[in-house]
Every structure is written in structure tokens, then in C-alpha cells.
Amino acid sequence: MDVRDTLSASLKKIETREGKRLNMFVCGPTVQDKPHMGHARTYVFYDVLARYLRYKKIRLFYLMNITDIEDHIITKMQETGRSWEDIIDSNSSEFFRVMGILKNNSVNYYAFATDYISEIIAQVSKLIKKGYAYEIADGVYYRARKFKDYGKLSKQNLDQLMIGARVEVNEEKEDPLDFALWKKKKEGEPSWPSPWGEGRPGWHIEDTAITESFFGPNYDIHGGAKDLIFPHHESEIAQMEAISRKKPLVKYWIHTGHLNVDDIKMSKSLKNFVTVEEALKNYWPEAIRIMMLSMRYNAAVNFDEKAVVDAQGTAERISILQHRVNSSKLTKNERAEEVVKRILAPLENDVNTPETIKEFLGFVKDSLAKSKMTEEEKGEIKYVLNEVEKVMGIVHNAPLPERSMDIVLNLRNELRKKGDYGSADKIRDSLKDEGIKIEDTAEGSYLWW
RNA sequence: GGGUAGGUGGCAGAGCGGCUAUGCACGGGACUGCAGAUCCCGACUAUUGGGGUUCGAAUCCCCACCUACCCUCCA
């Protein structure tokens with residue numbers, strides 16, 4: 001399959017060697033707050049990428065870091081008076097919880113930055129030894145200009161950057177471009193011992209320390225949102241390639257577009273965010289996934305009420321079909337396999353999820369239009385839904401005691417036959433309160449939820 | 001100022017040289033005890049502007065304009 005690689009700014013074919021594992025690292029969140037929909041957007045995408053690679057029988061190791069020490073976490077401590085442990089525990093638990101509900105369950109391992117302090121220290125030491133880093137009063141810094149490729153990922157001309165435009169320049173640094181590898185402790189900050197005194201790691205070094213621990217100096221896919229290209233990912237390249245001298249750090253750099261609100265990026269600092277928790281109160285996780293996956297991953301997505309409501313409707317339509325065929329036996333045959341193949345084929349082309357969704361919805365529409373279906377046809381549809389679900393995670397399927405529900409349904413239909421609509425409606429209304437909807441059709445009555 | 005992505009119907013958003021998606025919204029109908037959902041039909045028939053390449057361009061090239069993102073922490 002092809003994927004758009006940021007470094008080469010072109011489509012690259014993902015090469016896999018027989019029996020060799022594919023390693024993917026995606027930048028996880030800083031757990032200073034509850035995850036918002038912007039995070040959901042990014043991680044839903046990488047989840048689908050991971051699911052699809054595995055669907056193709058590629059052995060994939062999907063690693064994600066959790067940034068549990070960083071300036072904003074410290075700010076949060078100061079603002080709220082809460083302890084560091086309390087903040088990261090509650091927010092990371094919430095992150096894992098909502099990722100689970102969103103069906104983002106393809107990550108093999110979550111690595112907390114502070115579990116890799118010794119690896120971080122080792123990398124910083126190597127950089128100092130190689131002349132790429134130096135110590136000053138408040139920390140250890142990387143000599144960005146010494147790494148001649150600095151800027152290659154973001155295509156930046158270092159002399160034309162707006163240095164210090166909005167941030168105070170530390171005059172003690174050799175060059176304003178130099179970035180922190182280790183920050184020395186200030187009063188009240190969490191810290192770890194190091195050769196440079198008590199302190200904490202810089203942001204960029206956390207990731208290279210983690211990826212080197214798991215993957216060594218080189219690996220396959222590195223993902224994250226676009227805002228991380230510079231300076232974060234740029235600096236990762238500078239650190240790891242300077243240490244290992246083994247280029248390239250990463251074969252495929254994939255960057256996702258943002259989730260916007262009124263065309264402006266949803267972000268913690270702008271306070272224009274909607275938490276995933278809030279969104280899940282009103283919408284199915286499948287609806288959120290459909291919304292996110294309805295556009296190309298590299299484009300910006302506008303988050304507005306209408307878009308999610310639309311997606312919710314779509315998710316419900318899929319669910320209706322799902323419940324119509326659910327009691328049938330799964331039928332895997334050539335025709336069904338062809339359909340699945342057609343639906344998933346666009347993913348080969350730079351993970352074109354919108355095309356896949358379009359194909360899938362076409363299939364759903366055609367299937368719903370069939371007035372009389374044989375058991376075999378139902379079984380085929382069930383197979384298609386199953387396979388698509390494996391990759392996309394957009395088929396809503398909350399478990400319910402199906403059989404006991406059938407009893408309720410049959411009783412209600414007897415009441416309807418007798419003309420006791422009052423009682424029949426009462427049943428329908430009560431079930432609706434439970435989130436279960438009844439659909440009466442010429443073919444019979446169905447429940448869905 | 002530099003860099004990176006884009007600019008498609010009422011809205012959202014695919015397509016990336018010829019076949020003009022899809023969803024929502026809109027109009028009409030079918031089904032139904034009602035409701036919801038579903039289905040059928042219809043209308044709208046678009047590609048920022050200006051040049052160019054081509055038999056043919058939303059799709060390729062050039063220029064202009066506009067937008068977002070990055071150069072501060074950020075998914």
C-alpha cells in the first residue's frame with residue numbers, strides 16, 4: 001500500500017519483508033487534561049491504519065508514548081494545587097478509558113516517558129560526548145545547527161525562521177534554535193537525578209529514548225499530527241541520527257490534519273475544545289469514527305454539530321442493517337469476499353478512508369433496499385459487516401440479550417394484531433427510554449440500538 | 001518574513017486527464033394503526049480568478065487572490 005511520507009513529500013509504498021515486523025510509533029498525548037476530540041481524530045486514524053496493516057497479515061507493533069512530564073503539567077500543578085501523580089494518573093486513566101470506548105484498541109504498548117529516565121540520560125550523555133549538546137545554567141541543550149540536516153523534515157530554512165517572535169529567547173543558549181534535552185529543576189517541580197543535577201527531560205528526547213528502547217535506532221512508521229512536524233519530529237531526527245549515525249530514523253513519516261472548530265484548530269491552549277467524554281454523551285463512538293474517517297487524514301476536519309449528527313445518522317443506518325442480519329449464520333463465500341475487497345481497496349491508496357466509507361455505505365444502502373432476503377444473503381451481509389468492522393470499527397454492536405428481546409417483540413406484535421395499539425405503543429416507548437428502538441416493516445419488526 | 005497543506009454544488013466532502021461520487025438539507029411518492037426507520041423518484045448539475053498544455057482539465061503547468069497549520073506548548 002502507498003502512504004504519504006512527509007520527509008520525501010511524496011507517496012511511498014510500504015515495503016514489508018516476509019516475517020519481519022513493522023514498527024510504528026505514534027506520538028501520544030500529554031496528560032495534563034482530559035482528551036479532547038482532536039486527540040480522537042488523530043488516534044482513530046492511526047487505529048484504522050494499524051487495523052488495516054494487520055488485516056493484511058502484516059505483523060505490526062504499535063507503540064505509543066504518554067508524555068507524563070512537561071511544562072503544562074507543571075503549570076496544571078501550580079494552578080490546581082494537585083500533585084503530579086494525581087494529575088497524570090487521572091488523565092491517563094481517562095485517556096485509556098475513552099480510547100477504549102472509541103474502539104482505539106490497536107496499540108500494543110503505552111510507554112510513559114518517566115519510565116525511561118535512564119535511557120533519556122544515556123542519550124543526552126551520548127549527545128554531549130559527540131559534541132551535539134552542551135550544558136548551561138538551566139539545562140542541557142542540543143546544537144541544532146551542528147546537525148546539518150536540521151530542517152529537512154519540515155523543509156525549513158533555518159535562517160528564515162521567526163526566532164523568538166512570541167517566546168522569550170534564553171540568552172545563554174549558543175543559538176536560539178537550540179532545544180532543551182534536559183531541564184534543571186525549579187522549586188516545586190517533579191525531578192529525577194542526573195549527571196547535570198536534579199531535573200526532567202526535554203520533550204523531544206522522551207520519544208527517541210522510548211523508540212530506541214523498543215525498536216533500536218531505526219524503525220518504520222512514525223505518526224502524529226501536523227503540528228508536531230516542527231520542531232518536535234525534526235528534533236527527534238536530529239537526536240537519534242546524531243547518536244546512531246544510522247539514517248533514516250524513520251522510513252515513513254505520516255502526519256494527520258487537525259480537528260478544527262470554526263476553521264481554527266481545536267486545542268487546549270485556545271480552550272475551544274470539546275472533550276471526548278462530552279461528545280460520547282450524545283453520540284455513538286461509531287458516529288465519531290465515521291465523522292473522522294469521512295475525510296482524508298491529512299486534511300483539516302471541521303468539528304461541528306451538523307457533521308456529528310450526520311455521522312450519527314449514518315452509524316444508525318449501519319446498525320439497522322446489522323440487526324436485520326444478526327440472527328443469521330455468517331456466510332463466507334466468493335461474492336461476499338469480493339464485496340469486502342471492493343470496500344477496503346481504497347485503503348491501499350494512502351489510507352483513503354472516505355472512499356472506503358462511500359463504498360461501504362453504498363453496500364449498506366443496497367442491502368437495506370432488498371425487501372426479501374434469503375438466509376444466505378443475510379449471512380453474506382453479516383460477513384461483510386464483520387470484515388469491515390475489523391478494519392474500520394464503525395459497526396455499532398452493543399450486546400443485548402437478543403432472544404429475550406424477541407419475546408417482547410412477539411408479544412407486542414400480538415397486541416398489534418388484536419388492535420391494542422395503546423399497549424403496543426407503551427412497550428415501544430418504554431424500550432425507547434432504554435435506548436432501544438423498534439422498527440416495524442412489512443417483513444416484520446426489528447429492534448436496534 | 002519563511003515553510004507546509006489546501007481552495008469543488010445550499011452545507012459537508014470524494015474524485016486527481018475523458019465515465020461529473022457520497023452524505024445532509026430540499027421537493028414528490030411508497031410502506032405503516034400511528035411513529036420511526038427504510039425504499040423509490042426528482043431538483044440543484046458545482047469545481048477561487050486569469051492564462052497555458054491537450055482532441056479533451058476539477059484533475060497537469062504558470063500567475064494572482066484567499067484559508068488553515070508550523071516557525072511558542074500542542075494530536
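Residue numbers start from 1 in every chain, and the chains themselves are labelled A, B, ... in the order their sequence lines are given, proteins ahead of strands. Everything numeric in this text was worked out from a predicted model, so none of it was measured. Any value given below was found using the heavy atoms of this structure, including those in side chains, with hydrogens, waters and symmetry copies removed.
OP1 or OP2 of B/C40 lies within a sub-4.0 Å distance of a side-chain N or O belonging to A/Lys365. Checking the phosphate oxygens (OP1, OP2) of B/A75, a side-chain nitrogen or oxygen of A/Thr30 falls inside 4.0 Å. A close approach under 4.0 Å does not occur between any side-chain nitrogen or oxygen of A/Asn260 and OP1 or OP2 of B/U67. Contact annotation: A/Arg296 reaches the phosphate of B/G15 (side-chain N/O to OP1 or OP2, under 4.0 Å). Contact between the side-chain N/O atoms of A/Arg317 and the OP1/OP2 oxygens of B/U38 is found at a separation under 4.0 Å. For B/A75, neither phosphate oxygen OP1 nor OP2 lies less than 4.0 angstrom from any side-chain nitrogen or oxygen of A/Lys265. Remark: A/Arg324 is not in phosphate contact with B/A37, judged by side-chain N or O atoms under 4.0 Å from OP1 or OP2.
Of the candidate nucleotides B/A21, B/A14, B/A75, B/A14 has the atom nearest to the side chain of A/Ala299. Among the nucleotides B/U4, B/U22, B/C71, the one closest to any side-chain atom of A/Lys358 is B/U22. Side-chain proximity of A/Asn157 to B/U38, B/G2, B/C34: nearest is B/G2.
The six-membered or imidazole ring of A/Phe215 lies away from that of A/Phe25, with a centre-to-centre distance of 6.0 Å or more.
A salt bridge between A/Glu278 and A/Lys34 is absent, with no side-chain N of the basic residue lying under 4.0 Å from a carboxylate O of the acidic one.
Residue contacts shown for A/Phe230 are limited to sugar-phosphate atoms, with no base heavy atom under 4.0 Å away.
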